[in-house]
Amino acid sequence: EEWKERGAAVATRQEVDQNGRPVSKIVKKGVNDFHFGRTLGEGSYSTVLAATDRQIHREYAVKVLDKRHIIKEKKVKYVNIEKDALNRLTEHPGIVRLYYTFQDERSLYFVLDLANGGELLGHLKKMGTFDEECTRFYGAQILDSIAYMHSKGIIHRDLKPENVLLDEQMHTKITDFGTAKILDIKSAGGTVNDGSGAGDPLDGVEQERAVSFVGTAEYVSPELLTDKNACKASDLWAFGCILYQLLAGRPPFKAGNEYQTFQKIVALDYHFPDGFPSVARDLIERLLVLDPSKRLPIEHIKSHPFFEGIQWGKSLWKQKAPRLR
Ligand SMILES: Nc1ncnc2c1ncn2[C@@H]1O[C@H](COP(=O)(O)OP(=O)(O)OP(=O)(O)O)[C@@H](O)[C@H]1O
Ligand SMILES: O=C(O)[C@@H]1CCC(=O)N(CCc2ccc(Cl)cc2)[C@H]1c1ccccc1Cl
């Protein structure tokens, strides 16, 4: 009930103009426009609540950030990066959409798509491992979303099953863009330029490099550990780790502590369990490559035999998710 006492605030509604550039339309949305419900989860600096828009009776996930805590923990720039990244990623079903942001004296509010199917990590833990059909479907949805992010000049930098949420239809919604890298306009380009330099020779080079952030140990790419630079291909390394983990039930690089995990990554010290499907193994071996420019580019991943039968594009997001087995 305490949410009620907060005043309404000016909110910006994120839309894109006729040239596809994100524009913030000023709409009067505030705390009092929503009825807050159950807590969906807690982050280090946030609480995520289910909330219903009183006018249109639509349910959202509202991420509430405590200003004092963010300032104390020096996380203000992450708040701005999350907002700016999400404002550029408004046209893809596989990415949690940001509808409004508003604030009151104590908190910041992000009104987001509600993904109430939980985290992919939770489903994987429950199943142990996914079969090939499920891995193919979820891998394809995640890859399609990565391709879109990269085409908008966004590197996620912390892709992992925990950050892949599921919606009502058990389709994926990637979240957690606070640690993303937003490349400048020139590198974003319209085509899917995955920065591996597979396109024109200068692709990998002209890319602006990200600095000084390391993701989650098990999914960190070797280039982030050796020369502190992330590029779009760093997300493809994490994608390879996720595919491995869906089929094997554990990530490829995992040791007793973070330092030992890092040692395994830079030494490419991992093995496939007996019986690991060979077509998937071939794809993963072309993603878990130390040199980012030698990782399979997105368009080649899409045409790899492992994804045979996948209809890329809109139909991938219209079809029924396979029952988890
Ligand atoms: N759009 C959403 N729909 C449903 N649940 C969500 C949504 N966004 C986040 N959650 C859940 O709320 C919890 C907190 O998410 P949040 O992104 O605020 O923090 P986090 O990124 O998980 O934690 P940290 O900030 O420490 O990285 C998570 O368990 C997540 O599963
Ligand atoms: O960038 C914006 O859209 C506005 C601009 C005006 C404004 O004051 N804010 C909040 C800035 C801010 C960021 C972090 C803290 Cl801890 C406090 C204030 C921004 C904001 C409002 C609501 C939610 C997020 C943000 Cl960054």
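All values below were derived from every heavy atom in this structure, side-chain atoms included, with hydrogens, water molecules and symmetry-related copies excluded. Positions are given from 1, in the same order as the sequence printed here. Counting starts at 1 for both ligands and their atoms, following the listed order.
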> To the nearest 0.1 Å, how far is atom 31 (O) of ligand 1 from its closest protein heavy atom, and which atom is that?
Replying inline: Glu119 OE2, 2.9 Å

> Can Tyr109 and Tyr100 be said to form a ring-ring contact (aromatic ring centres under 6.0 Å, His included), step by step?
Replying inline: CA-CA 8 Å; Tyr109 301 82; Tyr100 309 106; over 10 Å; no

> Which atom pair, heavy atoms only, marks the closest approach of Asp113 to Ala61?
Replying inline: O-CB, 3.7 Å

> Any nitrogen or oxygen of Thr175, main chain or side chain, under 3.5 Å from a nitrogen or oxygen of ligand 1?
Replying inline: no

> Does Asp235 reach the main-chain N or O of Arg157 with its side chain, forming a donor-acceptor pair under 3.5 Å?
Replying inline: yes

>> Considering non-hydrogen atoms of the protein only, which is the closest contact for atom 16 (P) of ligand 1, and what is the distance?
In response: Ser46 OG, 3.7 Å

>> Does Lys74 have more than 12 heavy atoms from other residues, nucleotides or ligands lying within 6.0 Å of its NZ?
In response: no

> Can you tell me how far the CG atom of Leu108 sits from the CD atom of Glu82, to the nearest 0.5 Å?
Replying inline: 10.5 Å

> Given side chains that start at C-beta, do those of Leu224 and Ser234 come closer than 4.5 Å, heavy atoms only?
Replying inline: no

> Nearest heavy atom to atom 9 (C) of ligand 1: which of Val48, Thr216, Asp158 does it belong to?
Replying inline: Val48

>> How far is atom 23 (O) of ligand 1 from the closest protein heavy atom, and which atom is that?
In response: Gly43 CA, 3.4 Å

>> Using a strict threshold of under 4.0 Å (side-chain N to carboxylate O), is an ion pair present between Arg323 and Glu133?
In response: no

> Do any N/O atoms on Ser44 end up under 3.5 angstrom from N/O atoms on ligand 1?
Replying inline: yes

>> I need the contact type for Glu162 against ligand 1. Using non-hydrogen atoms and a strict under-4.0 Å cut-off, is it side chain, backbone, both or neither?
In response: neither

>> Does the protein come close to atom 29 (O) of ligand 1 - that is, does one of its heavy atoms sit below 4.0 Å from that atom?
In response: yes

>> At less than 4.0 angstrom from any non-hydrogen atom of Asp176, what atoms of ligand 1 do you find?
In response: 21 (O), 27 (O)

> How about Phe272 and Tyr244: are their ring centroids closer than 6.0 Å?
Replying inline: yes

> Relative to the heavy atoms of Lys63, which atoms of ligand 1 are at a distance of less than 4.0 Å?
Replying inline: 16 (P), 17 (O), 18 (O)

> Which of the numbered atoms in ligand 1 are below 4.0 angstrom from a heavy atom of Ala61?
Replying inline: 1 (N), 2 (C), 3 (N)

> Does Phe306 have Arg136 sitting over its ring (NZ/CZ under 6.0 Å from centre, angle to axis within 45°)?
Replying inline: yes

>> Among all the protein's non-hydrogen atoms, which is closest to atom 6 (C) of ligand 1, and how far away is it?
In response: Leu165 CD1, 3.8 Å

> So Glu223 and Arg295, salt bridge (Lys or Arg N to Asp or Glu O under 4.0 Å) or not? Walk me through it.
Replying inline: CA-CA 12 Å; Glu223 61 272 14; Arg295 282 173 211 149; 2.6 Å; yes

> Heavy-atom distance under 4.5 Å between the side chains of Gln55 and Lys29, does that happen here?
Replying inline: yes

>> Would you say that more than 12 heavy atoms from the other residues, nucleotides or ligands in this model lie under 6.0 Å from the CD of Glu73, or not?
In response: yes

>> Is it true that Lys320 and Gln169 share a donor-acceptor pair across their side chains at a distance under 3.5 Å?
In response: no

>> Counting only nitrogen or oxygen atoms and a 3.5 angstrom limit, does Ala115 reach ligand 1?
In response: yes

> At a non-hydrogen distance cut-off of under 4.0 Å, which region of Asp113 contacts ligand 1 (side chain, backbone, both, or neither)?
Replying inline: backbone

> Applying a 4.0 Å heavy-atom criterion (strictly less than), which segment of Glu42 is in contact with ligand 1: side chain, backbone, both, or neither?
Replying inline: backbone

Give every pair made of an N or O atom of ligand 2 and a protein N or O atom lying under 3.5 Å apart, one pair per line with both atom names and the distance to 0.1 Å, or write 'none'.
from	atom 1	to	atom 2	distance (Å)
ligand 2	1 (O)	Lys83	NZ	3.2
ligand 2	8 (O)	Gln103	NE2	2.9

> With a cut-off of 6.0 Å (strictly less than), are more than 12 heavy atoms of other residues, nucleotides or ligands near CG of Asp274?
Replying inline: no

> Is the shortest N/O to N/O distance between Asn116 and ligand 1 below 3.5 Å?
Replying inline: no

